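This report refers to the structure that appears directly beneath it.
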Amino acid sequence: MKKRIAIILVSVLSLGLVACSGKQQAETNATKAAETTGSTAAEPVDTDKKRVITWMTVHSSWPVMDEIAANYMAEHPNVTIEFDRISDRSSYNQKVQILAANNSLPDLVDGVSQAVEQEITDTGVCVDIDELYKELGYTDRMLPIGLEWARLPNGKLYEMCWENNIEYFWYHKDMFKKAGIEVPPQTFDELIKDCQKLSDAGYAAVSVWPGWEVSRWLSFIPYRLTGNQFLMDLLAGKAKMSDETGIKTAEFLQAIGTKYYQPGWSTSDYTSALETFLSGNAAMYYIGAWQFNSFLDESGEIKEDYAYFRLPSIEGAINGENDMYINAGTGTMISKDKFDDTLKDFVAYVLNEYPDKAFWENNILPSANFDTAKGKFSSFWQAVMNDCNNQKDYAYTWDVRFDAASAEVLSKEEINLGMGSITPEEFAKRIDDALATKQ
């Protein structure tokens with residue numbers, strides 16, 4: 001079920017580094033963290049005593065964090081960082097619940113679904129991240145999505161968030177031109193009309209894969225019409241999928257799925273859906289910032305054939321063009337029982353190192369401000385950052401907010417809906433029935 005992987009330091013430390021005591025290294029790191037964050041709270045820690053920090057993660061590969069951990073161990077020879085990797089989400093969530101129930105969480109724990117996290121953190125086993133950021137002087141460095149994405153309905157924040165995954169619709173300009181589409185769609189009605197034009201021109205209009213990607217398409221209209229209210233009411237039993245808003249969005253997904261998704265979409269996966277778009281076998285592809293480099297040249301500008309547009313609107317929309325889907329990826333919780341001075345020092349080190357390394361070395365847009373002067377910061381990335389900084393509201397993602405059992409039903413039934421195997425009304429009833437068991 002799990003495979004424990006210890007990151008092993010492979011470089012040979014210089015004689016000067018070996019000569020330094022663990023205490024001197026800790027003082028240097030604490031001073032650096034304090035200077036960077038503007039905090040005076042960081043204190044030198046004694047790392048002469050051996051300490052193993054265990055990080056349970058859903059990342060099967062996490063190069064940026066692996067490098068940061070290796071660097072920390074190089075500076076702190078008596079500290080070992082071990083990653084316990086469980087990439088299967090269902091197995092991961094289950095294990096976190098079991099460990100939390102036994103009050104035996106490891107030092108660091110990647111985030112789980114919101115429903116599970118609420119149950120765990122209500123018992124008081126995790127560190128309050130708002131308080132931690134405040135103590136380290138880190139709050140002002142976070143972008144809004146980094147502070148709000150993982151916040152629970154009770155207003156508490158228990159996850160350090162790492163990514164800034166704003167999402168756009170990407171398209172092939174030449175396909176749009178050949179189909180007679182002069183400007184990208186501004187409304188969902190225009191989007192459907194453009195899909196038909198693309199289909200008439202011989203193109204698959206949209207490339208998708210089952211899972212959270214299709215769930216996004218299902219949730220677009222409710223977000224524009226109600227913000228996140230319909231979703232929250234749905235989860236609280238105050239609204240039904242069979243209500244007018246739910247039926248409208250089910251009809252939209254079926255209209256798109258049965259006519260305009262690429263052939264074989266229901267058995268596609270992330271990689272094949274991306275390749276379908278990149279190879280020119282579909283005109284549009286919806287994706288977040290982690291994949292933007294696929295559409296950029298070496299200078300970070302958009303390649304000639306690609307362009308993007310934001311989430312379309314609809315008559316009666318209550319939010320604006322710049323309000324869209326953005327997420328902070330999988331965050332990390334901290335076990336309160338394990339939060340000693342050494343773990344605190346390591347966390348401060350990670351928070352300081354991650355933003356610059358994420359963007360400049362790993363092509364990941366971080367959820368905290370970073371040094372944009374370390375390299376060529378393109379006009380495209382500046383436009384993206386402007387969108388992120390100007391965003392007044394963002395959409396909650398259904399796959400994260402649903403409980404695990406209901407999310408499984410959603411994933412299955414939206415495929416049936418998109419293929420035309422069930423009616424919008426049948427889809428709505430199955431979702432309502434699934435949610436009713438949890439309310």
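Here the structure is a predicted model, which means the values were calculated and not measured.
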Original post:
Between F309 and W170, does the ring centre distance come in under 6.0 Å?
Top reply: no

> Are any of the side-chain heavy atoms of L274 and W209 separated by less than 4.5 Å?
Replying inline: no

_Salt bridge or not between D66 and R85? Use side-chain N to carboxylate O under 4.0 Å._
yes

S406 and D403 side chains, donor-acceptor separation under 3.5 Å: yes

So the salt bridge (charged side-chain N to carboxylate O under 4.0 Å, His left out) pairs with at least one residue in residues 157-169 (sequence neighbours excluded) are E167-R216

Contacts of R89 meeting salt bridge (Lys or Arg N to Asp or Glu O under 4.0 Å) (sequence neighbours excluded), chain-then-number -> none

For S279, the side-chain hydrogen bond (donor to acceptor under 3.5 Å, both in side chains) test, sequence neighbours excluded, returns N281

side-chain hydrogen bond (donor to acceptor under 3.5 Å, both in side chains) filter on E190, not counting sequence neighbours, yields none

Residue pairs passing the side-chain hydrogen bond (donor to acceptor under 3.5 Å, both in side chains) test with at least one member in residues 365-377, sequence neighbours excluded, are D356-K374

Those residues at least two apart in sequence (or on a different chain) that pass salt bridge (Lys or Arg N to Asp or Glu O under 4.0 Å) with D128 are K156

Salt bridge (charged side-chain N to carboxylate O under 4.0 Å, His left out) pairs touching residues 282-307, sequence neighbours excluded, are K173-E304

- Residues D88 and K95 bridged, charged N to O under 4.0 Å: no

For the aromatic rings, using the six-membered ring if either is Trp, is the centroid distance between Y168 and F292 under 6.0 Å? yes

In short, salt bridge (charged side-chain N to carboxylate O under 4.0 Å, His left out) pairs touching residues 306-333 with sequence neighbours left out are R310-E321, R310-D387

So the salt bridge (charged side-chain N to carboxylate O under 4.0 Å, His left out) pairs with at least one residue in residues 246-260 (sequence neighbours excluded) are none

Mind checking whether W398 and F402 have parallel, tilted or perpendicular rings, split at 30° and 60°?
parallel

Sorted by chain and residue number, the salt bridge (Lys or Arg N to Asp or Glu O under 4.0 Å) partners of E148 (sequence neighbours excluded) come out as R151

Does the ring centre of F359 sit less than 6.0 Å away from the ring centre of F377?
yes

Residues passing the side-chain hydrogen bond (donor to acceptor under 3.5 Å, both in side chains) test with N93, sequence neighbours excluded, are none

task: Decide if the gap between the ring center of F220 and the ring center of F169 is smaller than 6.0 angstrom.
output: yes

Sequence neighbours excluded, the answer for salt bridge (Lys or Arg N to Asp or Glu O under 4.0 Å) partners of K357 is E67, E361

- Task: Answer with yes or no after comparing the ring centroid distance for W212 and W217 against a 6.0 Å cut-off, counting only values under it.
- Result: no

